[in-house]
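Note that the structure is a prediction, hence the values are computed from the model and not measured.
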Amino acid sequence: MTTYIIRRIIFVIPVLIGVSILSFFFVRLIPGNPVTVMLGERARPADIAQYKAQMGLDQPIYIQYIRYMEQMLKGNLGNSIVTRVPIAKDISYRLPATIEAIFFALVIGITIGIAMGIIAALKRNTLIDTGATLVALTGVSMPVFWLALILIYFFAVNLKWLPPGSRLDANLDIKQITGFYTIDSLLMGRLDLFGNALWHMILPSFVLSTTVMPSVMRLTRASMLEVLQKDYIRTARAKGLAMRKVILKHTLRNALLPVITVIGLQISGLLGGAILTENAFSWTGMGSWFFGAVTGRDYPVIQASILLNAIIFVIMTMLVDISYAFIDPRIRYK
Amino acid sequence: MSATPENATLPSTPSSESLQMNMSRSLWEDAWRRLIRGRNGQIGMVIVALVMLIAVVTPIVDPYDPTTDSDLTHSRLPPSAQHLFGTDRLGRDVFRRVMHGAQYSLAVALASIIAGSVISTAIGMVAGYFGGAVDSLILRLMELMQAFPSIPLAIAIVAVIGPGLVGTVLAVTIVGIPGGMRVARALTLSLKNLDYVEAGRSLGAGNLHILMRHILPNLISFVVVGATLGVGGVILTAAALGFLGLGAQPPAPEWGVMIADAVPFLRQSPNLALFPGLAIMITVLGFNLLGDGLRDALDPSLSGTA
């Protein structure tokens, strides 16, 4: 197992280096002088001189790349052109917001998806099965940003059950400890804040969960059907084991293996969905930050966002692979 | 989910059918027969045909210039017999704009799916067929591209090229290349050692001849299925870019743009966001169903597996 994990981590390093090269060249692809691109039209001459010296813009390109990496590893990602705030500072509170939303979205999407998949498989070819399949099909066909608007209209505007956006009521204040509001509120010992944060989490994370739910449901259903036909299930039934037990102990465990892979494949969709969802819910996460940067031509922020998106994606994929190997020993020995 | 109840309960249907197969029928005729028999394929085909019809016919019967189409005296009317979907902020008829929106989504989808399929199949075939350094170079490059989640990558590409329809097509095409390339490569790897390829080679056929005459024809059904299944995702991404203001630009009646226009009026006029979104959903659903049906029809062995 340890060797597998080490191998998997080593495999990530060249990808990360490649990603950093791409994000470095990204700025060079934008028409115009990189200094103007990175510092904006109205940069002060002193800033320009400092930036040129820091990044070594008069040096050959590979030296420039090394300088860029050097700064990045020191945690210096530059400043936003628009707000002049250091990018690293923005990330420190925006990254937890996005990860928190993705986490809850995964919990919701996987729970509902698996439950729907099991029920559909057990009630195969009935109305319930057709209905669940139809929901899943519509789910993948729906634009996330549109679903967000429709649900905001229904649950926030019309019924007033849920807040239309943001991470916390405007009159509430939270101490930034970890940046995860559900954790910070508990660390502060404030259950009211925790409840409020959760309450604000429901709509965005549900909308985001629809990017994973349909494929989890479809795959759970298919792999349940496959496992249910296996001889050992028939044996378990034949020896008089209750159906409930057969499903929980024998079927589900084996059926869930492929589901983990599909979760790995959906991470890209989750990160993309986060941009659209955060935008609709004025969620102060990485997604809305990235979007704001693209519309405001804030290239240092765009560069950092692309890099960070790729890093999160690569690391999450790696974690899924490793957890898969944990559950299925066959993977480790390949 | 792809399985219709008929072939789900009778997994042997395709094979028993192939036994009685009329030998004069081609692969495509057989597939067509299976496609129109499956329920998914039927519904998908009807929806796709309808959307295509709307996209082609609307501009002919109803010439439309979005820049001059506004009537502020009829701003944001609710749906009525006169304005089926209501009117928007500028008094434009939403139904008319939704109908005209079909051509944008289909044009973007068609352009990028065709370009993407050609490029990814070509690259995949070259990588799989020649192997060695070429293969590993291409694979590493694709791995790198796949290290970026697709919507952020598409947005970044648009940030470089500039917003608009051309940027959208390019971004969506580039994002889709690695996936298609992997399929083409894997299939080429399994095809290139088959006897008839070997035979062709020993008779002195060149690489290009083998690739075009022996490998490509065997890939094409998978490419078609992959392309059809990909259309839905392309339409969704293009609409997302439009919604974010990075794709088609207002006042174009593109569905994503229309939804973005509707956001400030969500409270009072939810119909402005509702209908273009439904149009996207139905179109994407149609292509997904058709893709599922096609996959089952072209490769009966897969039916009922996913």
Side-chain angles (χ1 to χ4, degrees), chain A residues 14-16 18-19 21-22 26 29-31 120 124-125 130 133 136-138 140-147 149-150 152-154 157-158 217-219 221-222 225-226 267-273 275-276 279-280 287 290-291 293-295 297 299 302 305-306 309-314 317, chain B residues 1-3 5 8-9 40 140-141 143-163 232-233 235-237 239-240 243-246 255-256 259-260 262-263 266-268 270 273-274 276-278 280-289 292 304-306:
Chain A
V15 179
L16 287 181
V19 163
I21 293 175
L22 271 189
F26 164 78
L29 284 175
I30 294 161
R124 185 182 185 181
N125 292 335
T130 319
T133 304
L137 258 177
T138 350
V140 276
S141 308
M142 230 172 344
V144 212
F145 53 92
W146 178 71
L147 179 67
L149 294 177
I150 298 296
I152 290 176
Y153 177 73
F154 255 103
V157 176
N158 237 0
M217 180 260 156
R218 287 172 65 163
L219 202 71
R221 177 182 177 276
L225 286 180
E226 204 187 309
I267 294 170
S268 159
L270 270 173
L271 288 170
I275 295 180
L276 300 164
N279 210 38
F290 183 28
F291 170 67
V294 172
T295 44
R297 305 197 155 266
Y299 288 110
I302 300 178
S305 300
I306 297 173
N309 257 302
I311 292 175
I312 298 172
F313 185 44
V314 169
T317 314
Chain B
M1 87 86 245
S2 54
T9 41
N40 283 352
R140 291 294 94 75
L141 207 70
E143 254 162 36
L144 203 56
M145 278 176 69
Q146 285 189 314
F148 295 91
S150 52
I151 287 188
L153 180 60
I155 292 177
I157 293 171
V158 174
V160 174
I161 304 171
I235 292 179
L236 284 178
T237 311
F243 175 72
L244 293 174
L246 303 170
W255 293 332
I259 297 177
V263 173
L266 188 65
R267 198 171 287 270
Q268 305 87 358
L274 180 70
L278 281 178
I280 299 174
M281 195 176 88
I282 293 170
T283 309
V284 174
L285 187 67
F287 276 103
N288 284 346
L289 285 171
D292 275 341
T305 49

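- Taking CD1 of B/Ile280 as the reference point, atom CE of A/Met142 lies at 11.5 Å (rounded to 0.5 Å).
- Only the side chain of A/Ile302 comes within contact range of chain B, with heavy atoms under 4.5 Å apart.
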- Task: Apply side chain to side chain contact (heavy atoms under 4.5 Å, CB included) to the pair B/Phe148 and A/Asn309, showing each step before the final yes or no.
- Result: CA-CA 7 Å; B/Phe148 295 91; A/Asn309 257 302; 5.9 Å; no
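- Looking at A/Asn279, the atoms closer than 4.5 Å to chain B (heavy atoms on both sides) all sit in the side chain, from C-beta outward.
- Note on B/Val160, B/Leu246, B/Thr283, B/Leu266: by heavy-atom pairs under 4.5 Å with chain A, the leading option is B/Leu266.
- When each of A/Ser141, A/Gly18, A/Gly272 is checked for heavy-atom pairs under 4.5 Å with chain B, A/Ser141 comes out on top.
- With a threshold of 4.5 angstrom between heavy atoms, A/Val294 approaches chain B through side-chain atoms but not through N, CA, C or O.
- Interface summary for chain A: among B/Val158, B/Ile235, B/Leu274, the most heavy-atom pairs under 4.5 angstrom belong to B/Leu274.
- Heavy atoms closer than 4.5 Å to chain B are found in the side chain of A/Leu22, but not in its backbone.
- Rounded to the nearest 0.5 angstrom, B/Leu244 CG and A/Leu276 CG are separated by 5.5 Å.
- Proximity to chain B (any heavy atom under 4.5 Å) is shown, for A/Val144, by neither the backbone nor the side chain.
- When all heavy atoms of B/Ala147 and A/Val19 are compared, the closest pair comes out as CB-CG2, 3.7 Å.
- Annotation for A/Tyr153 and B/Pro270: closest pair CZ-CG, 3.2 Å, computed over non-hydrogen atoms.
- Considering all non-hydrogen atoms of both residues, B/Ala273 and A/Trp146 come closest at O-NE1, 2.9 Å.
- Across A/Val15, A/Val140, A/Leu271, A/Leu149, the residue that shares the most heavy-atom pairs under 4.5 angstrom with chain B is A/Leu149.
- Of the atoms belonging to A/Phe290, it is side-chain heavy atoms, and not backbone ones, that fall under 4.5 Å from chain B.
- Heavy atoms closer than 4.5 Å to chain B are found in both the backbone and the side chain of A/Thr138.
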- Given the rule in the side chain to side chain contact (heavy atoms under 4.5 Å, CB included) test, do B/Leu289 and A/Leu137 qualify, once you have shown the distances and angles that lead to the verdict? CA-CA 8 Å; B/Leu289 285 171; A/Leu137 258 177; 3.5 Å; yes
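- Using a 4.5 Å cut-off between heavy atoms, B/Leu278 touches chain A through backbone and side chain atoms alike.
- Using a 4.5 Å cut-off between heavy atoms, B/Pro163 contacts chain A through its side chain alone, with no backbone atom that close.
- One finds the CZ atom of A/Phe291 at 8.0 Å from the CD1 atom of B/Ile155 (value rounded to the nearest 0.5 Å).
- Between the CD1 atom of B/Ile157 and the CD1 atom of A/Ile306 there is a distance of 9.0 Å, given to the nearest 0.5 Å.
- For B/Phe243, the ring-ring contact (aromatic ring centres under 6.0 Å, His included) partners are A/Phe145, not counting sequence neighbours.
- Ranked by heavy-atom pairs shorter than 4.5 Å toward chain B, the options A/Asn158, A/Ile275, A/Ile267 are led by A/Ile275.
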